[in-house]
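Structure first, commentary second.
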2 protein chains.
Amino acid sequence: MTTADRLSLLLAEDDPALGPLIAELLEPDYRVRLAVNGQEALHLGLTQPWDVMVIDRGLPVMDGISVIAALRTKGIATPILVLTALGATNEKVRGLDAGANDYVAKPFDAGELAARLRALTRTFPSPAGPVSIGTWEFDPASRSVRSAYGDLVTLAAKEAELLEALAAEPARVFTRDELLAAHFQSTDQPGVIDTYVHHLRRKISRTVIRTVHGVGYQIGDAS
Amino acid sequence: MTTADRLSLLLAEDDPALGPLIAELLEPDYRVRLAVNGQEALHLGLTQPWDVMVIDRGLPVMDGISVIAALRTKGIATPILVLTALGATNEKVRGLDAGANDYVAKPFDAGELAARLRALTRTFPSPAGPVSIGTWEFDPASRSVRSAYGDLVTLAAKEAELLEALAAEPARVFTRDELLAAHFQSTDQPGVIDTYVHHLRRKISRTVIRTVHGVGYQIGDAS
DNA sequence: CACCTTCTTAAGCCTTTCTTAAGGGCGCCG
DNA sequence: CGGCGCCCTTAAGAAAGGCTTAAGAAGGTG
């Protein structure tokens, strides 16, 4: 999920008739990039970030299952839906176990495909309630942070966005570029992040956000 | 994922014959709890943590789709697979959009159900996955080591690289040249390794890394 | 329109990390 | 037990990265 725009979708389908058809079908909801063989799909999958992938099982050069296995081996965790002419259960099992997240047999129903893609890309609206960050409680709605002692601090919009992004995945370390791309204007330079981190640390606590030298920032861990 | 044990699975199925049958089918791989109506399923879903849920569409008291919607509203993000007698595409779409992650129509194939559940519960060996080293936990992503007592130590990039390399093959003894070639500039001299080993021993523990005299280093084994 | 908050940029200073080097200590082998 | 390597430890300069500050721009409000 890179922008507020449509989600990016990598479609790997070699059938010259079906490929563009599916692409057109999905275009209203996704930014579709069509790959016509397995190698191309693998390359695109590895070199660019995607929100979701739809991969045909039978692809030239390198078959779909191999592409998926290769992507997974490289640590790509993007949701993948396998599209296939083969409806046999055995094939489904193999595809899913190779690392696919869903499996749709051709001929498929456009509505079902769309629904399954929605299910794969759905991100649950973080429970609107307050999020606890260490000993603090952060309420995105009111953009305020309450300490264990009851002190209330209100944050500016950007400050809150940054904190929310970091808190969404406490275990993850975010690079400045990631945070920048997701929450600030693309013209901004990475240094902006430093400034806001400083603001948050001053307003809340030095330990809310942890620096990972040479990498980026992470929500401050307990202890 | 609560323990190293089987995953916990909440099964909501009212058919007195089918429920226990499915439960038995899944028992080898999951700790199954059977709920026989929607209300019970909702209550269990809200009050206990589950690794995955299998919910029948048509449940007494409260239908499956409503249960899912209610769970999602409360912020429960557990993967849910809908099981149903209704194979109509329309029904599938509605189920998925209510918050289900997958949809299997009865009669279903046991192998496919199992594969789809595996796909739902699969956690990718995220490159960020913490590695346990003796009594410590090393998280390459945040480059931090946590002791059994909870103390957190952050490592510099090179320190982390070295530790990660050693931890990748605990049984193996690495020579300085191997480590050097893989993780440092080729111009560096073997002595660099010694320095970083010293850093790690000081930061974590004298016993993290074991010296094999005349050969190189190895991850400090339990002993 | 004046005032205030928020956003963005930029520059200098400070801290951490990397790399090299040298002296002392220790283990292994004869 | 003595000698010879090998290993441990310390330290310090250089480089890279992060922190802090400050000030102008932009936007919103009374």
Side-chain angles (χ1 to χ4, degrees), chain A residues 138 140 142-145 152-166 173-221, chain B residues 138 140-145 152-166 173-220:
Chain A
F138 170 53
S142 64
R143 295 197 325 227
S144 60
V145 177
L152 195 65
V153 180
T154 57
L155 306 177
K158 294 287 177 186
E159 295 165 356
E161 260 183 75
L162 183 57
L163 186 58
E164 195 174 359
L166 291 170
V173 179
F174 293 82
T175 65
R176 290 181 176 71
D177 287 335
E178 282 175 331
L179 296 166
L180 202 62
H183 303 282
F184 295 79
Q185 295 174 200
S186 50
T187 61
D188 293 343
Q189 46 190 36
V192 195
I193 305 294
D194 297 50
T195 304
Y196 281 107
V197 166
H198 180 237
H199 288 170
L200 287 168
R201 297 217 255 233
R202 180 158 41 84
K203 281 190 167 181
I204 305 171
S205 148
R206 186 112 9 134
T207 61
V208 224
I209 296 173
R210 194 147 75 91
T211 304
V212 179
H213 197 103
V215 184
Y217 295 103
Q218 179 188 29
I219 272 296
D221 245 331
Chain B
F138 170 53
S142 62
R143 295 198 322 230
S144 58
V145 177
L152 195 66
V153 179
T154 60
L155 306 178
K158 294 288 178 187
E159 294 165 357
E161 260 183 73
L162 182 57
L163 185 59
E164 196 172 1
L166 291 170
V173 179
F174 293 81
T175 65
R176 290 181 176 71
D177 287 335
E178 281 175 332
L179 296 167
L180 203 61
H183 303 283
F184 295 80
Q185 295 175 199
S186 50
T187 62
D188 293 342
Q189 46 192 33
V192 195
I193 304 294
D194 298 48
T195 302
Y196 281 108
V197 167
H198 178 239
H199 287 170
L200 287 169
R201 297 217 255 234
R202 179 160 42 84
K203 281 189 167 181
I204 304 171
S205 146
R206 187 100 22 124
T207 61
V208 223
I209 297 174
R210 181 196 303 187
T211 304
V212 179
H213 198 98
V215 185
Y217 295 104
Q218 178 188 28
I219 272 296

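Note that this is a predicted model, so its numbers are computed, not measured. Just so it is clear: chains get the letters A, B, ... in the order the sequence lines come, proteins before strands, and each one is counted from 1.
Atom CD in B:E159 sits about 13 Å away from atom C1' in C:dT19, given to the nearest Å. Per the geometry, CZ belonging to B:R143 stands 13 Å off P belonging to C:dT16, to the nearest Å. What separates CZ of A:R210 from P of C:dT16 is a distance of 14 Å, to the nearest Å. As rounded to whole Å, 7 Å separates atom C1' of C:dT6 from atom OH of A:Y196. Going from atom CG of A:L162 over to atom C1' of C:dT8 covers 14 Å, rounded to whole Å.
Here the nucleotide nearest the side chain of A:A156, chosen from C:dT19, C:dT9, C:dT6, is C:dT6.
For A:S142, the side-chain contact (heavy atoms from CB on, under 4.5 Å) test picks out A:D139, A:S144, with sequence neighbours left out. Residues passing the side-chain contact (heavy atoms from CB on, under 4.5 Å) test with A:R143, sequence neighbours excluded: A:A157, A:A160. For the side-chain contact (heavy atoms from CB on, under 4.5 Å) test, residues two or more places apart in sequence or in another chain that qualify with B:T195 are B:H199. The side-chain contact (heavy atoms from CB on, under 4.5 Å) check on B:A156 picks up B:E159, with sequence neighbours excluded.
Counting all heavy atoms, side chain and backbone alike, A:R201 lies closest to A:I209 at NH1-O, 2.7 Å. Across every non-hydrogen atom of A:K203 and A:T154, the tightest pair is NZ-O, 3.2 Å.
Paired with A:F174 under the rule side chain to side chain contact (heavy atoms under 4.5 Å, CB included), one option of A:L162, A:L166, A:V215 passes, and it is A:L166.
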(request) For each nucleotide in nucleotides 10-30 of chain D, reading 5' to 3', give B when a protein heavy atom comes within less than 4.0 Å of its base, S when such contact involves only the sugar-phosphate, and - otherwise. (result) B------SSSBB---------

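Between A:T211 and A:Y217, the closest side-chain pair of non-hydrogen atoms falls below 4.5 Å.
Bending across the helix from C:dC1-D:dG30 to C:dG30-D:dC1, expressed as the angle between its end axes from five pairs apiece, amounts to 40° (10° rounding).
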